Amino acid sequence: MRVLEAILKRYSCRAYADRAVEAEKLAQVFEAARLAPSAKNLQDWRFVAVTDNEKRSRLAAVTNRPEVFAKTGLMIVACSNSDYVMTCGQAVGPIDVAIALEHISLQATELGLGTCWLGSFDAEKVREILGIPQGVAIIELMALGYPEGEGGRRTGREPIEKIVCYDEWKF
Ligand SMILES: Cc1cc2nc3c(=O)[nH]c(=O)nc-3n(C[C@H](O)[C@H](O)[C@H](O)COP(=O)(O)O)c2cc1C
């Protein structure tokens with residue numbers, strides 16, 4: 001699959017089949033995360049892959065769509081150990097983790113899996129459920145699993161002229 005094909009095919013999957021994801025597929029998905037770029041090559045991301053049914057249900061219960069996310073094959077809890085701030089003033093933690101998560105999402109798409117980013121969750125409850133230490137930032141969750149039925153479609157996007165300009169700020 002070409003990269004753009006995977007990008008076109010990816011969408012936020014909010015309906016999952018009751019089917020476990022094979023270990024080989026999970027290995028490929030996490031390899032895609034491992035190979036992501038990171039500032040200073042710090043690689044300070046940490047991913048807790050939650051397969052345990054009871055824990056997944058408890059995690060789903062602290063998201064905005066408990067009934068959907070309780071059914072995912074896997075819930076990935078993406079964390080950062082980094083408090084490094086780049087010269088430009090931006091913290092690397094969320095940026096590095098986001099890049100790795102999107103690698104995961106695109107690799108999952110190629111493998112016929114669905115994913116959904118999740119920022120609507122109670123981070124302190126997630127911390128408690130998984131025993132994540134206080135110093136570690138919980139950046140995002142990502143649901144991952146086989147889509148139910150035909151799956152879904154990406155939602156709309158702004159036209160290119162609205163988001164890209166050349167040579168000077170023209171928005
Ligand atoms: C950082 C981030 C956080 C998101 N959080 C949630 C969320 O909490 N719940 C949810 O259902 N979707 C969430 N989404 C999915 C977005 O709603 C979705 O990507 C957007 O509407 C575009 O739709 P598409 O991914 O199907 O193209 C999130 C996406 C991103 C990138």
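Below, each value reflects all heavy atoms present in this structure, side chains not excepted, and no hydrogens, waters or symmetry copies. Just so it is clear, the structure is predicted and the values come from calculations on it, not from any experiment. Residue indices begin at 1 and follow the sequence shown.
Note: D83 CG to D44 CG = 8.5 Å, rounded to the nearest 0.5 Å. One finds the CD atom of E102 at 8.0 Å from the CD1 atom of I7 (value rounded to the nearest 0.5 Å). Taking CG of L59 as the reference point, atom CD1 of I76 lies at 12.0 Å (rounded to 0.5 Å). Note: I132 CD1 to R46 CZ = 12.5 Å, rounded to the nearest 0.5 Å. Between the OG1 atom of T115 and the CZ atom of R14 there is a distance of 10.5 Å, given to the nearest 0.5 Å. For the atom pair CH2 of W45 and CG of L101, the computed distance is 10.0 Å after rounding to the nearest 0.5 Å.
Contacts classified as ring pair (Phe, Tyr, Trp, His ring centres under 6.0 Å) and involving residues 65-109 (residues at least two apart or in different chains) are not found. Sorted by first and then second residue, the pairs that involve residues 141-171 and meet ring pair (Phe, Tyr, Trp, His ring centres under 6.0 Å), not counting sequence neighbours, are W169-F171.
Salt bridge absent: D52 and K55 never bring a charged side-chain N and a carboxylate O closer than 4.0 Å.
The side-chain heavy atoms of Q90 and V85, taken from C-beta on, include no pair separated by under 4.5 Å. Residues R154 and L8 form a side-chain contact, since some pair of their non-hydrogen atoms from C-beta on lies under 4.5 Å apart.
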Side chain to side chain contact (heavy atoms under 4.5 Å, CB included) between L26 and L144, worked out: CA-CA 10 Å; L26 290 184; L144 184 148; 4.1 Å; yes
Worked check of side chain to side chain contact (heavy atoms under 4.5 Å, CB included) between Q28 and L111: CA-CA 9 Å; Q28 287 183 62; L111 296 170; 3.6 Å; yes
Side chain to side chain contact (heavy atoms under 4.5 Å, CB included) assessment of V126 paired with F121: CA-CA 8 Å; V126 170; F121 64 90; 3.7 Å; yes
Side chain to side chain contact (heavy atoms under 4.5 Å, CB included) evaluation trace for M86 with I95: CA-CA 11 Å; M86 296 177 284; I95 296 174; 3.7 Å; yes
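For the residue pair E110 / Q107, a side-chain donor-acceptor distance below 3.5 Å is found, with atom types taken as modelled.
Shown here are the salt bridge (Lys or Arg N to Asp or Glu O under 4.0 Å) partners of R65, two or more places apart in sequence or in another chain: there are none. Residues satisfying the salt bridge (Lys or Arg N to Asp or Glu O under 4.0 Å) criterion with E140, sequence neighbours excluded, are absent altogether. Qualifying side-chain contact (heavy atoms from CB on, under 4.5 Å) partners for E24, counting only residues two or more places apart in sequence or in other chains: E22. Residues satisfying the side-chain contact (heavy atoms from CB on, under 4.5 Å) test with Q134, not counting sequence neighbours, are E124, R127.
The shortest non-hydrogen separation linking C116 to C13 is CB-O, 3.4 Å. Considering every non-hydrogen atom in both F30 and A49, the closest pair reads CZ-CB, 3.8 Å. In this structure, A15 and V68 approach most closely via the heavy-atom pair N-CG1, 4.4 Å. Counting all heavy atoms, side chain and backbone alike, A60 lies closest to A70 at CB-N, 3.3 Å. The nearest pair of heavy atoms linking P37 to D96 is O-OD1, 4.4 Å. Here the shortest heavy-atom pairing between A100 and A36 reads CA-CB, 3.8 Å.
Linking ILVMFWY residues whenever their side-chain heavy atoms come closer than 4.5 Å, directly or via other members, places V62 and L130 in the same cluster. F47 is not connected to I129 by any chain of hydrophobic side-chain contacts under 4.5 Å among Ile, Leu, Val, Met, Phe, Trp and Tyr, and they are in different clusters. Under a hydrophobic-cluster definition in which Ile, Leu, Val, Met, Phe, Trp and Tyr are linked whenever side-chain heavy atoms come within less than 4.5 Å, directly or via other members, V50 and L113 are assigned to different clusters. Linking Ile, Leu, Val, Met, Phe, Trp and Tyr residues whenever their side-chain heavy atoms come within less than 4.5 Å leaves M142 and Y16 in two separate clusters. Hydrophobic cluster membership differs between V21 and V77, with clusters built from Ile, Leu, Val, Met, Phe, Trp and Tyr side chains linked at under 4.5 angstrom.
No more than 12 heavy atoms of other residues, nucleotides or ligands lie within 6.0 Å of NZ in K162, so this atom counts as exposed by the packing criterion. Heavy atoms of other residues, nucleotides or ligands lying less than 6.0 angstrom from CG of N41 number more than 12. Residue-environment remark: CZ (R157) exceeds the threshold of 12 foreign heavy atoms within 6.0 Å. Around CD of E67, the count of heavy atoms belonging to other residues, nucleotides or ligands within 6.0 Å exceeds 12.
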